[in-house]
Amino acid sequence: MRTPAPAGNLAATGVVPGFPTAGRIVARGSTVLALFGALVIWLALLGPFAALIQHLSFHSIRAALGPPGALDPLWVSLGASAIALGAMVLFGTPLAYLLARGRLPLARIVELGIMLPLMMPPLVIGLLLIFLIGPEGTLGNLLADIHLTGVNTFFALIVAEFYEAAPFYVLGAHAAFASVDPRIEQDAALLGDRSLQAFRRITLPLAAPGLATGLATAWARAMGAFGAVIIVAYYPRGLPNQIFIAFQEFGLSGALPFALLLVVAALPLPALAYLWSARNRSRVAGAEAP
Amino acid sequence: MERRQLTVQVGFGLEAGERLAIFGTSGAGKTTILESIAGLTRLSRGIVRIDGKLVAGRSKGETALEPRDRQVALVRQPTTLFPHLTVEQNVTYGIRRSPARGRVTELLERLGLSVLARARGAALSGGQRQRVALGRALASSFRVLLLDEPLSAVDVAAREALRLLTIEISVERGATGILVTHDLTEAQAFSDRLGIIDNGRLLQMGGALEVVLSPVTRRVAELVGYGGFVPAPGAANRWYAIHPDRVLLGSAGERGVVLTGSILSTRPFGSRYECTVAERSGGQFTIHLDEPPAAGVVCALTVLDPPVVHA
């Protein structure tokens with residue numbers, strides 16, 4: 001694509017239109033290459049979604065999701081994920097904030113502890129959770145006293161989802177809080193805010209885009225949690241388990257409708273959160289430049 | 001911003017309503033002093049009190065005031081605005097009771113921010129950001145006003161009005177003010193007391209003109225603009241300090257010390273001339289003259305009441 005430069009610019013740029021320089025050819029070539037690469041990657045990422053839509057017929061969806069009780073796994077997954085997410089926000093937000101402000105002793109060790117579930121295979125997490133909250137474990141015994149059994153219960157499902165998803169929220173929130181200049185919080189305090197007020201009026205709005213991204217990622221992970229879940233919470237059956245079981249029993253055609261259901265249930269929130277936070281980031285961006 | 005390690009060790013007291021300007025080169029510890037007075041940095045030793053109440057440091061049986069109860073307003077350099085709030089929201093942030101509409105409008109007007117009331121931080125220039133930061137401090141209920149180069153990015157034409165506004169409001173409140181700056185004229189314009197800080201130490205404190213006319217040490221003299229030092233007779237390590245603006249052409253022994261120097265070079269300096277002079281004892285310095293002799297001329301120079309400084 002060649003746009004003729006306005007005549008007045010010619011002297012300044014020293015480039016004569018119509019005579020491609022070596023630099024210009026290389027620049028144009030690399031732009032084309034980059035655009036092509038971006039398109040390929042984008043299509044490759046979207047490919048599986050296209051395949052999902054292509055292999056689904058209305059008939060097969062109705063057959064799988066029509067019978068009474070067929071949507072139960074969806075409600076189970078939504079409920080457990082929502083509670084797991086609530087617990088993450090409740091416990092993870094203060095933790096992330098204190099980490100970001102360097103107010104925790106042994107911060108590196110604490111961070112490592114948060115990273116650990118990310119580095120471990122989910123199946124192994126599931127096995128270890130049996131020791132922790134299963135009937136043989138100490139904690140499991142205590143739980144049994146308050147009638148919370150840690151294996152194959154709704155509670156176990158929440159715990160397994162929490163383990164797989166919480167690190168994403170805490171790390172995201174950590175980064176979000178770290179991006180807020182602590183000096184502005186001090187300013188708010190000097191101007192009369194209590195620490196909670198300063199948090200609500202200053203820190204939270206500024207960290208919100210990052211928090212939203214972290215929350216959205218955690219939501220997607222919780223909804224899709226499978227490895228640890230299938231070990232400790234085969235029942236009650238959430239969507240990922242349902243997909244696996246349907247696949248075992250009926251093959252691809254039986255599993256795909258549930259896969260669609262999971263994608264539809266898990267994806268909109270993260271997508272919206274991403275779009276919202278991208279918009280907000282750009283609104284505040286550059287404001288801190290001296 | 002990367003800062004080298006510097007121990008800042010200063011002590012002074014101010015009466016309520018007093019204004020002090022602290023002058024020093026960048027990196028001398030000025031910002032640290034302000035943050036310490038505001039109680040925002042941990043002190044390794046010593047204490048800060050405002051109206052007798054503990055703000056920073058440790059004292060037996062006392063707990064430091066919460067930031068919100070300190071009634072300290074701080075304008076930082078570089079400015080720290082609330083980037084998600086508008087200019088007006090920033091300025092009114094520290095006002096607890098719902099402010100009289102007219103007062104906010106008037107303040108924004110005097111800060112030159114009326115047309116920007118709805119703009120956010122990202123849209124502002126450096127000078128505009130400083131006006132907002134200053135306005136936010138002035139609108140809050142402060143007893144102590146701490147200013148860190150608050151007008152450095154404001155165009156010179158608007159500085160005077162903003163400085164007067166700052167002084168007016170702090171006098172109205174009976175507030176104590178401390179300004180730190182590396183601009184000597186700015187320091188003198190803000191306050192009638194001047195402290196000179198260098199390398200984390202308060203070297204001299206006194207009247208805004210007194211410190212400049214009677215520096216005690218050679219370092220203070222250098223900082224406040226003295227460029228030449230010639231040995232004073234009768235004592236080792238004692239010098240006459242020569243300020244470029246306090247030299248007359250010719251011999252007038254009753255007004256100061258007369259030296260003989262040769263003019264090395266001359267160039268325009270504002271409405272006057274700046275000349276580099278070589279003194280007989282070997283020292284070189286610059287002076288400002290209205291009508292300089294030609295280069296190469298040897299002439300008598302009267303240094304008006306030069307202070308005698310020691311090392």
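Protein chains get the first letters and strands the later ones, always in sequence-line order, with residue 1 at the start of each.
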- prompt: How long is the span from the CZ atom in A/R183 to the OG1 atom in B/T80, to the nearest 0.5 Å?
  reply: 5.5 Å
- prompt: How many angstroms lie between atom CG of B/L81 and atom CG of A/D187, to the nearest 0.5 angstrom?
  reply: 9.0 Å
message: At a 4.5 Å cut-off on heavy atoms, which part of B/R76 comes close to chain A: side chain, backbone, both, or neither?
response: side chain
query: Where does B/A38 contact chain A at under 4.5 Å (heavy atoms): side chain, backbone, both or neither?
result: both
- request: Taking the six-membered ring of B/F82 (Phe, Tyr or Trp), confirm whether the NZ or CZ of A/R201 is under 6.0 Å from its centre and within 45° of its axis.
  value: no
- line: Closest heavy-atom pair, A/P205 versus B/H84, reported as atoms and distance to 0.1 Å, is CB-CD2, 3.5 Å
Within 6.0 Å of CZ in B/F12, more than 12 heavy atoms from elsewhere: yes
message: How about CD on B/E66, more than 12 heavy atoms from neighbouring residues, nucleotides or ligands closer than 6.0 Å, or not?
response: no
- prompt: Just wondering, more than 12 heavy atoms not from B/F190 lying within 6.0 Å of its CZ?
  reply: yes
field: Which atom of B/L40 lies closest to which atom of A/Q186, heavy atoms considered
entry: CD1-OE1, 3.6 Å
- prompt: Take atom CD in B/E62; do more than 12 heavy atoms of anything else shown fall under 6.0 Å from it?
  reply: yes
- prompt: Is A/R221 atom CZ crowded by more than 12 heavy atoms from other residues, nucleotides or ligands, each under 6.0 Å away?
  reply: no
